[in-house]
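Throughout, a chain's letter reflects where its sequence line sits, starting with A, and its residues are numbered from 1. Since the model is a prediction, treat every value here as computed from it, not as a measurement. FYI, side chains are in, hydrogens and waters are out, and symmetry mates aren't considered; it's all heavy atoms of this structure.
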Amino acid sequence: MGFGKGCHLHLIDGSAYIFRAYHQASGMEMKYRYRSDGTPTGAVQLFCNMLWSQITSTKRDAPTHVAVIFDHSSETFRNAIYPLYKANRPELPEDLRPQFPLTRDATRAFNIACIETEGYEADDIIATLAARATEAGGDVTIISSDKDLMQLVGPGVMMFDPMKSRAIGPDEVFEKFGVAPNRVVDVQALSGDSVDNVPGAPGIGIKTAALLIQEYGDLDTLLARAGEIKQPKRRESLIDNADQIRISRQLVQLKADTPLDVTLDDLEVRTPEPDRIMEFLNRMEFRTLTRRVADSLKIAPPAPLPESAGTNPNHPEPTAPDRLPFDHAGYEPVTTPDALHAWITAIRDHGTVAVDTETTSLDEMRAELVGISLSVTPGKAAYIPLTHRSGTDDLFGTSQLAPGQLPLDDVLAALKPVLEDPAILKIGQNMKYDWKIFARHGIRITPFDDTMLMSSALHAGLNSHGMDTLSETHLGHTPIPIKSLLGTGKSAITFDRVAIPDAVKYAAEDADITLRLWQHFKPQLHRAAVTTVYETLERPLVPVLAEMEMAGVQVDRDTLSRMSNAFAQKMAGLEAEIQEIAGEPFNVGSPKQLGEILFDRMQVPGGAKGKTGAYATGADILEDITTLEDTHPQAARLAALVLDWRQIAKLKSTYTDALQDHIHPETGRVHTSYSITGAVTGRLSSTDPNLQNIPVRTEEGRRIREAFVAPKGRLLVSLDYSQIELRILAHIADIPELQQAFRDGLDIHALTASEMFNVPLDQMTPDIRRQAKAINFGVIYGISGFGLARNLRIPRAEAQGFIDRYFQRFPGIKGYMDSTIKDAQARGFVTTLFGRKIHTPEINAKGPTAGFAKRAAINAPIQGTAADVIRRAMIRMPTAIEGLPARMLLQVHDELLFEVDEDAAPTLAARAKEVMESAAHPAVHFKVPLIVEAGQGRTWAEAH
DNA sequence: GCTCTCACG
DNA sequence: GACGTACGTGAGAGCA
């Protein structure tokens, strides 16, 4: 059948696709994936994944025909018109360049047409094919984020932006250029393009160009009538540069008559030839994709090629055990006492064992132990099934233990001496989890190593540290997905329902991987100079956090429940009022519906649509609307009511309701889980529930903390560091005035205000102090004029003036910022005062990404050093408060919360304060004192 | 599953 | 000349 009506041609802009793959690879930790000969392949792999899902898509708009179009070379007919065309293109990133030819190979291997024509750009070929396809009556989707292609959008032609995963139609084009697609060329000709080096008309940007074209209809009319333009600058620019503008139009106008030696019919989607695609994928060492494609083509995957020797610039040469293939034949179930004892003997012989537990839940406080896996030699591992259930339930919905398992208590009794033996090193991946599981069975694992924490000490900022990522990155092996055993969603089963032979493969593999990762990381810690970080800031935190999590905090259900009811009533009242004003019932919780009411129905000006096409209705925007009493009184009232409603709704759903579900049925307390590697800076994060974001800033919200209580006869004691990040900034950036202010115990924001605005301290006003405070925080966050302006709601120029004055007054700050960025650019990471490394892989990026990376790089040493300080305090705390009837319950970044018998509260507070204030010693002596403030009470609200 | 919004330091 | 921005998190609700 020839190409025609009903056919759908996908034209993939090769460069756009590669860039998309490259950026996604960076975000997904695959940027640092290399073939064993050292060739970077992360972007190629994602490129292949995307191609494969394109041609196997079963969606309604799946392509019947597809082509990938590449630029042939940088010299095109446009250079004949204007020699400087595209002379400003930035250099390709070094690790992307070698991947370009590989993506052409990939396209051919997938049996997809790969088109390039000498002297023409990919964009012209795309224009030509799109024109031919629409003439023949078919539909076209152009997959690209290049704005130069937007002129092609029209009947039968859509674009899809792979960077943002969104469709681009006439509306989106209008949003971007302010004109319909057929006038885009005119706007571009006027505004020019610095990246492509299209000159355009000086002083005229897209906004102005769109206005002019809207007014005059098209470019030729505009140029002919340029003399009528009122604004002198615009008029002169157009008259003086008319030729240059016409040349610009030639540059941006795509040619729809490029010579091609393919026909549309040649582009039909075809199944890849098995030999060719397998050879390619195998050569690239894409093991998972090779398997997936082989499965789909119903052929056997080829044996992996022997890995050639080569060097990987980012990760050291794998050691021998890493290269051992993963083979399930090395994994055995342990179901007899003899087999168990043979393993225990082997562990004692080696002195090192990787341990992993399988349980019924990710929540350690509710998880039941199902089995244990062990490994002492790479490639060999055991799984001890303990409480797997047989497949069928009886009449009462309960099930029998599956046969052939050793009794749980016997196995634990046999393993306890090993797990607690000071001469045997236990290795785990995320050991806090297993530590808690064993602790609930009376076993305290010691000593241990944790591969997740090793990875964090080595590679924070480069990749996350879950087992799947680590295995893929460092061992080149994709572990069996847990989903393949448990399923997903509602029909998911728990691990005790997994058939034992399947469990053996999965669980033993985990222990095997953990052992291999340990062997891989261990020698790297020293080379990267992070042994101290790992041994003093990461590993010792495990038992401390485990004990805190197991202790939990008492939360009073009745208090929460009463609040919930009160909130529900208040919300109902507000809702009625809101809908009354709106004049129609709508879902107040839907930002989309609210936006339509405010900006369409009520005609509030300034509605801005985000990338999804919905109006933004965040709190700052609603607050602005509340000030429109004069022009839009109804909307102003509505916005104020919605703000109230939002606050209550948040408190109810996230706190008073959800928190009740987290009260443990047996302990009656709430047990959070801290993630040690959750934040790149070294901060902890808290989940299930998050107890680090309990409200405090508003009066209403703070009342939630009344539900956090001490048991009878006990008190909660809260200690928090005062201004720790600013103190650290004063030290690191070495600002004598700020240091002295902290030594003198002055109000630091008032002092800043006084220095900046030349206002004596005794004449300080709250408003001036507020502005200085915002600047102080801004500095910690990597200040920008834009950000400060938005925060303070002042003109951008004014905000920039503040910043300039701040830098002038405290020159050390600018010095710190500049040297930190330089450091990051040269080394790829920044460090805290205690040696923690935070990698900054995007720091040399082009465009807005670099801005993000720079600000993050400025912030990381400050936030990270503060995180290190409180970690040191927490690690010392159990010893310091030993013997007191007290325990540490929670950490909230700069605060520690304790529970203590009433009469011991003063002693506890004094000791804990001392530990916290001296936590940096002896490693670091700050030039400013660290000050800790204490509070106590029956509830967290009182104690804070 | 993604986006928006909002709670904390 | 415009881009799109304060740093670091986690969770619930709406919506496709």
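Distance CZ (A:Phe567) to C1' (B:dA7): 13 Å, rounded to an integer number of Å. One interatomic measurement links the two molecules: CD1 of A:Ile694 to P of B:dG9, which rounds to 11 Å at whole-angstrom precision. One atom, CG of A:Leu598, and another, C1' of B:dC4, lie 15 Å apart when rounded to the nearest Å. Between the CG atom of A:Asn859 and the P atom of B:dG9 there is a distance of 16 Å, rounded to whole Å. Rounding to whole angstrom units, CG of residue A:Leu691 and P of B:dG9 are separated by 13 Å. As rounded to whole Å, 11 Å separates atom P of B:dG9 from atom NZ of A:Lys773. Distance CZ (A:Arg793) to C1' (C:dT5): 16 Å, rounded to an integer number of Å. For the pair A:Asp868 CG and C:dG8 C1', the interatomic distance rounds to 14 Å; values are reported in whole Å.
When the side-chain nitrogen and oxygen atoms of A:Ser590 are compared with OP1 and OP2 of C:dC15, one or more of them lie within a distance under 4.0 Å. Proximity of A:Asn587 to the phosphate of C:dG14: a side-chain N or O atom is located under 4.0 Å from OP1 or OP2. Phosphate proximity of C:dT5 to A:Arg790: absent, as no side-chain N or O sits under 4.0 Å from OP1 or OP2. Phosphate contact (OP1/OP2 of B:dA7, side-chain N/O of A:Arg697, threshold under 4.0 Å): absent. Close to B:dG9, at under 4.0 Å from its OP1 or OP2, lies no side-chain N or O of A:Arg683. Put simply, A:Thr681 has no side-chain N or O that comes within less than 4.0 Å of OP1 or OP2 on C:dC7. Residue A:Ser685 has a polar side-chain atom (N or O) positioned under 4.0 Å from OP1 or OP2 of C:dG10. Using a 4.0 Å cut-off, no side-chain N or O of A:Arg855 falls inside it from OP1 or OP2 of C:dT5. The phosphate of C:dA11 (OP1 or OP2) has no side-chain N or O of A:Gln692 nearer than 4.0 angstrom.
Side-chain contact between A:Tyr721 and A:Ile728: absent, with no pair of heavy atoms (C-beta onward) separated by less than 4.5 Å.
For the pair A:Ala774 and A:Tyr655, nearest-nucleotide mapping onto DNA chain C gives the more 5' position to A:Ala774. Where A:Gly678 and A:His662 each meet DNA chain C at their nearest nucleotide, the meeting point lying more 5' is that of A:Gly678.
Residue A:Ser191 is classed as having no contact, given no heavy-atom separation below 4.0 Å to the nucleic acid. At a threshold of 4.0 angstrom between heavy atoms, the contacts of A:Ser686 are confined to the sugar-phosphate backbone, with no base atom among them. Using a 4.0 Å heavy-atom criterion, one finds that A:Gly851 contacts no nucleic acid atom at all. Contact annotation for A:Ala857: no contact, since no heavy-atom pair falls under 4.0 Å across all strands. Among the atoms of the strands shown, only primed sugar atoms or phosphate atoms (P, OP1, OP2) are found under 4.0 Å from some heavy atom of A:Gly589. Across all strands, A:Asp688 comes closer than 4.0 Å only to sugar-phosphate atoms, never to a base (heavy-atom distances). Contacts of A:Ala616 with the nucleic acid, taken as non-hydrogen atoms under 4.0 Å apart, involve only primed sugar atoms and P, OP1 or OP2. Backbone-only engagement by A:Ala619 is indicated by non-hydrogen atom pairs under 4.0 Å involving sugar-phosphate atoms exclusively. Counting any heavy atom pair closer than 4.0 Å across all strands shown, A:Ala658 reaches sugar-phosphate atoms only and no base atom. Counting non-hydrogen atoms under 4.0 angstrom, A:Asn693 reaches a base of the nucleic acid. A:Phe786 comes within contact range of at least one nucleobase, with a heavy-atom separation under 4.0 Å. Contacts of A:Ile780 with the nucleic acid, taken as non-hydrogen atoms under 4.0 Å apart, are absent. The residue A:Gln593 sits close only to the backbone: its heavy atoms come under 4.0 Å of sugar-phosphate atoms, none of a base. If you check every strand for non-hydrogen atoms under 4.0 Å, A:Thr687 touches sugar and phosphate atoms only.
Under 4.0 Å is where a charged nitrogen must lie from a carboxylate oxygen, and between A:Arg793 and A:Asp620 no such pair does. Electrostatic pairing of A:Arg646 and A:Glu623 does not count as a salt bridge here, judged by no charged N lying under 4.0 Å from a carboxylate O.
Closest contact between the side chain of A:Arg646 and the listed nucleotides C:dG8, B:dG9, B:dC6 involves B:dC6. The nucleotide whose nearest atom lies closest to any side-chain atom of A:Lys650 is, among C:dC3, B:dC8, B:dC6, B:dC6. For A:Ser653, the listed nucleotide lying nearest its side chain is C:dG12; candidates were C:dG12, C:dA6, C:dG10. Distance from the side chain of A:Lys592 is smallest to C:dC15 among C:dC15, C:dC7, B:dC4. For A:Arg796, the listed nucleotide lying nearest its side chain is C:dG4; candidates were C:dA16, C:dG4, C:dT9.
For B:dC6 and C:dA2, the C1' atoms lie 30 Å apart once the distance is rounded to whole Å. Between C:dG4 and B:dA7, the distance separating the two C1' atoms is 25 Å to the nearest Å. As rounded to the nearest Å, C:dC3 and B:dT5 have C1' atoms that lie 25 Å from one another.
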(request) Apply side chain to side chain contact (heavy atoms under 4.5 Å, CB included) to A:Gln723 and A:Asn776, showing your working. (result) CA-CA 11 Å; A:Gln723 311 281 15; A:Asn776 276 332; over 6 Å; no
(request) Starting from the C-alpha separation in whole Å, work towards a yes-or-no answer on side chain to side chain contact (heavy atoms under 4.5 Å, CB included) for A:Phe586 and A:Leu594. (result) CA-CA 8 Å; A:Phe586 73 102; A:Leu594 175 66; 4.1 Å; yes
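Using N1 to N3 plus N6-O4 or O6-N4 for Watson-Crick, or N1-O2 and O6-N3 for G-U wobble, each under 3.5 Å, C:dA2 pairs with nothing. Under the Watson-Crick and G-U wobble criteria, each requiring two contacts below 3.5 Å, nucleotide B:dT3 is paired to C:dA13.
Under the side-chain contact (heavy atoms from CB on, under 4.5 Å) test applied with A:Tyr806, the options A:Ile783, A:Ile813, A:Leu788 reduce to a single match, A:Ile813.
Side-chain contact, A:Thr849 with A:Glu842: no donor N or O sits under 3.5 Å from an acceptor N or O.
Shortest non-hydrogen contact noted between A:Ala919 and A:Val869 is CB-O, 3.5 Å.
From A:Glu895, atom CD reaches atom CD1 of A:Ile724 across 13.0 Å, with rounding to the nearest 0.5 Å.
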